[in-house]
There are 2 protein chains.
Amino acid sequence: MNYIKHSTGFLVVRTARSMRKALDTEFAEKGITATQFMVLDALMGQGALPLSEIGRKIYLDKPAITGLADRLEKDGFVERRRSSDDRRVVKLHLTAKGETVHRELEPLVIAVDQDLTQILSADELTAMRNSLNKIWKHADGNLDA
Amino acid sequence: MNYIKHSTGFLVVRTARSMRKALDTEFAEKGITATQFMVLDALMGQGALPLSEIGRKIYLDKPAITGLADRLEKDGFVERRRSSDDRRVVKLHLTAKGETVHRELEPLVIAVDQDLTQILSADELTAMRNSLNKIWKHADGNLDA
DNA sequence: AAATAATAGTTCGCATAGAAACTATTTCCA
DNA sequence: TGGAAATAGTTTCTATGCGAACTATTATTT
């Protein structure tokens, strides 16, 4: 039995690899990765968020978020500030530069998503999104962040 | 606008992270990762395959496959053999040990997939698999392997 | 209040991932 | 046939991604 063909888990993993690669390729010009964009996006309209909360939003463990914050801070897209009410917490603040990059990349995100409407009907797309959201909600909380 | 919530691309990526983590956790006991299992699985019933063909099956670039082959060979799950008719080609052969590990892990793969039937109805699952396969087929060929 | 547990981040080590540049081989074609 | 183009893998460098162990801080318990 070959599971890469028949297992839904592996199918999702495999498909996601192609998705992320498409996004990474689009973003490369702006010197940012798809995962880094997800961090900036989580901060949009929030002002600032604790690292752990960002991790929950984009499903990444603590060490991964630390590394992402390092690189984003080095490039001036975000700023680390220790919270005053709970000094264990480090909040990530979006800088003006980070906000600008996010705005510049919006059309690319929309384009990649639009590409999907060429492959799937509106109904198929809606159904898939609903199913993925159900799985996502089910998995949420299993994260050691 | 927050795209991690609204973009289908990011939704797939995020969901896949939770899937792969679930699979990795199940496999950790046997000292193998989900991605390494995918390589063994690609070889099951094939005897041997060129590295590049394995890459196409599981959507990974050439350098990633090289690294995977290194680690799998070190652990004795596969063997590298240069092809005699085209000496550029390196074929990966599944060893008895590799076959055994694959067989031992089958129940875990089935269990993770079974878990999904608790979340989605049979129709939803079928629809999602069809959609993912369409996207997958569309993306196939964009790989630099 | 002192000891303990819980929580937020970081660090370390290892396993993916991919772009770019390289070697070795084969194919193509003028 | 001989040189250019294409192909298969590898190497190097950088960026995720996660388990385990660590520090610092806060909450809990007795």
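We name chains A, B, ... by the order of the sequence lines, and we start the count at 1 in each one.
- Between A:V13 and A:D86, the residue whose closest nucleotide on DNA chain C is further toward the 5' end is A:D86.
- If you check the side chains of A:D113 and B:S7, you find a donor sitting under 3.5 Å from an acceptor.
- For A:S52 and C:dG9, the shortest distance from a side-chain N or O to OP1 or OP2 is below 4.0 Å.
- The CG-C1' distance, from A:L92 to C:dT10, rounds to 14 Å in whole Å.
- D:dG9 atom P lies 10 Å from atom NZ of B:K91, rounded to whole Å.
- Within 6.0 Å of the CZ atom in A:R80, the count of heavy atoms belonging to other residues, nucleotides or ligands exceeds 12.
- Contacts between residues 100-115 of chain B and DNA chain D, defined by a heavy-atom separation below 4.0 Å, involve no residue at all.
- Whole-Å rounding puts the A:I54 CD1 to C:dA8 P distance at 13 Å.
- Counting heavy atoms of neighbouring residues, nucleotides and ligands inside a 6.0 Å radius, atom NZ of B:K30 does not exceed 12 of them.
- Following rounding to the nearest Å, A:E73 (CD) and C:dT10 (P) show an atom-to-atom distance of 9 Å.
- Rounded to whole angstrom, the span from the CZ atom of A:R87 across to the C1' atom of D:dT23 amounts to 13 Å.
- Under the 3.5 Å distance criterion, with hydrogens and angles disregarded, a donor-acceptor pair is assigned to the side chains of B:D85 and B:S83.
- A pairwise comparison of heavy atoms in B:H6 and A:R129 identifies O-NH1, 3.2 Å as the closest pair.
- If you measure from atom CZ of A:R88 to atom C1' of C:dA8, you get 6 Å, rounded to the nearest angstrom.
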At under 4.0 Å between heavy atoms, which parts of nucleotides 10-16 of chain D does protein reach? Answer with one letter per nucleotide, 5' to 3': B base, S sugar-phosphate only, - none.
BB---SB
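- The distance between atom CG of B:D24 and atom P of C:dA15, rounded to the nearest whole Å, is 12 Å.
- Atom pair B:L72:CG and C:dT16:C1' shows a separation of 12 Å (rounding to whole Å applied).
- Residues A:F77 and A:V101 share a closest heavy-atom pair of CE2-CG2, 3.3 Å.
- Closest of all the heavy-atom pairs between B:H102 and A:M1 is CE1-O, 3.7 Å.
- In this pair, A:F37 and B:F10 present their aromatic rings parallel. The plane angle is below 30°, not in the 30 to 60° band.
- Not counting sequence neighbours, the partners of A:N130 by the side chain to side chain contact (heavy atoms under 4.5 Å, CB included) test are A:T126.
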